[in-house]
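Note sheet for the following structure.
Naming: A, B, ... by sequence-line order, numbering from 1 per chain.
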There are 2 protein chains.
Amino acid sequence: MEDKYAGLKLGNQLCFPLYACSREIVKKYKPYLDELDLTYTQYITMMVLWERGQINVKELGECLYLDSGTLTPLLKKLETKGWVTRQRAKEDERVLIVTLTDKGRELRDKAAVVPEKMSCCVKLSPDEVKTLYTLLYKMLGDI
Amino acid sequence: MEDKYAGLKLGNQLCFPLYACSREIVKKYKPYLDELDLTYTQYITMMVLWERGQINVKELGECLYLDSGTLTPLLKKLETKGWVTRQRAKEDERVLIVTLTDKGRELRDKAAVVPEKMSCCVKLSPDEVKTLYTLLYKMLGDI
DNA sequence: CACAATTACATTGCATGCAATTTGTTTTAT
DNA sequence: ATAAAACAAATTGCATGCAATGTAATTGTG
């Protein structure tokens, strides 16, 4: 006979390992990011800026799936550290443009070693990583 | 020529879609959990208790990958709502035993519909879900 | 037995995340 | 042109997460 509560088991829900994995991996980043004086969220924000140099808050939020409630205070911290500047767009004063500074660009060299060091932590084969990666992005796209 | 910063791209890091997916799915749960007056973290805590009826904080933390800094205040809230009780173990006063109440057990019936409703949100095929699930647990086990 | 080391939980402090609301700006519709 | 609607950030309030520290109970050791 069926267990009407089967779906309620932790081990039967996709969301739980996703949630747990995410936090465990972010935790693995910590020692490396501490050396750069970055939190994980600040790190992925800087990754976007290292790629694009400049971006407004709305677009940044779309890249990272984060809203201004999270980003505004975070960006102010990055500004305090001197890695980005924040200024309103002249064409549209509603828009805030975040720009990477030279000092922020320098940080990229120190950060370049982080992905290598992290790759050792994940014990999946390259094929498994690729599969996982593809499924996660498929999921993200549908959500 | 190789881009020495290739590893630093958001799109090349496994952690990012994991982090984003996790948050997006938890967000999907919110309307259903709001009806039960549960947050996501409270929900997975209750799932463990619905299965086991009773558990101490240390074991609960191992199940959920959470520590007492997160669980202590959360369990106090669940106690305030009348869904669990908290009492020290007689054999070892350091251990805090969390026990599901009758009222907490009743909540399970209302919660039973949540997994069904959520399964519609994920657009992956059953095979893909299984693959994803397996890879995530493999990763969690290695970490 | 005495006492140092462990252990389990609680507390504190900081950084998210996010919903809801507010503020200021721009666009749209009349 | 102007009021309403839409838009982009900022602000507020609440609930995590987690490292670091504190506290009380238990265990291990000489």
- Message: Under a 4.0 Å threshold between the charged nitrogen and the carboxylate oxygen, would B:R86 count as salt-bridged to B:E79?
- Response: yes

- Task: Rounded to the nearest angstrom, tell me the gap between atom CG in B:L96 and atom P in D:dA25.
- Result: 14 Å

- Item | Under-4.0 Å salt bridge between B:K138 and A:E128 | yes

- To the nearest Å, how far apart are A:L64 CG and C:dC18 C1'? 15 Å

- Between C:dT16, C:dC9, C:dC18, which one does the side chain of B:S68 approach most closely? C:dC9

- Quickly work out the B:L33 CG to D:dA15 C1' distance and round it to whole Å. 13 Å

- Message: Can you tell me how the ring of A:F16 sits relative to the ring of B:Y65, calling it parallel under 30°, perpendicular over 60° and tilted otherwise?
- Response: tilted

- Which residues in residues 35-58 of chain A have at least one heavy atom lying under 4.0 Å from any atom of DNA chain D? A:N56, A:V57, A:K58

- Query: Does the side chain of A:R88 get closer than 4.0 angstrom to OP1 or OP2 of D:dA10 through an N or O atom?
  - Reply: yes

- Kindly indicate whether the side chain of A:L38, heavy atoms from C-beta on, has any atom under 4.5 Å from the side chain of A:W83. yes

- Query: How close or far is atom P of D:dA10 from atom CD of A:E93, stated in whole angstroms?
  - Reply: 12 Å

- If you look at every strand shown and take non-hydrogen atoms under 4.0 Å, does A:D67 touch a base, only sugar-phosphate, or nothing? base

- Can you list every side-chain hydrogen bond (donor to acceptor under 3.5 Å, both in side chains) pair that touches residues 42-51 of chain A, not counting sequence neighbours? A:Y43-B:Q13

- Expressed in angstrom and rounded to an integer, what is the separation of B:I97 atom CD1 from C:dA8 atom P? 13 Å

- Task: Take atom NZ of A:K90 and atom P of C:dT26, then tell me their distance rounded to the nearest Å.
- Result: 14 Å

- Item | Given DNA chain C, 5'-ward residue of the pair A:R94 and A:T70, judged by closest heavy atom | A:T70

- Message: Quick check for you: among D:dG17, C:dA10, D:dT16, whose closest atom lies nearest to any side-chain atom of B:L66?
- Response: D:dG17

- So do the side chains of A:S68 and A:L96 get within less than 4.5 Å of each other, counting heavy atoms only? no

- Item | Given C:dA19, D:dT11, C:dA10, the nucleotide with the shortest approach to the side chain of A:K76 | D:dT11

- Note on the structure: The answer to which of B:A89 and A:V95 contacts DNA chain D further toward the 5' end, by nearest nucleotide, is A:V95

- Message: Taking any heavy-atom pair under 4.0 Å as a contact, classify A:L71: base, sugar-phosphate, or nothing.
- Response: nothing

- What nucleic acid atoms does A:E24 come within less than 4.0 Å of, heavy atoms only: base, sugar-phosphate, or nothing? nothing

- At under 4.0 Å, does any side-chain N or O of A:Y65 touch on OP1 or OP2 of C:dG17? no

- Task: With DNA chain C as reference, determine whether B:K30 or A:K77 sits nearer its 5' end, using the nearest nucleotide of each.
- Result: A:K77

- Message: Please report the distance, rounded to the nearest Å, between CD1 in B:I25 and C1' in C:dC18.
- Response: 17 Å

- Message: For a 4.5 angstrom cut-off between non-hydrogen side-chain atoms, does B:L49 reach B:T99?
- Response: no

- Message: Please determine whether a side-chain nitrogen or oxygen atom of B:R86 lies at a distance below 4.0 Å from atom OP1 or OP2 of C:dA10.
- Response: yes

- Take atom OH of A:Y19 and atom P of C:dC18, then tell me their distance rounded to the nearest Å. 12 Å

- Query: Under 4.0 Å between a side-chain N/O of B:R23 and OP1 or OP2 of D:dT16, yes or no?
  - Reply: no

- Task: Identify whether the distance between the nearest side-chain nitrogen and carboxylate oxygen of A:E24 and A:K28 falls below 4.0 Å.
- Result: no

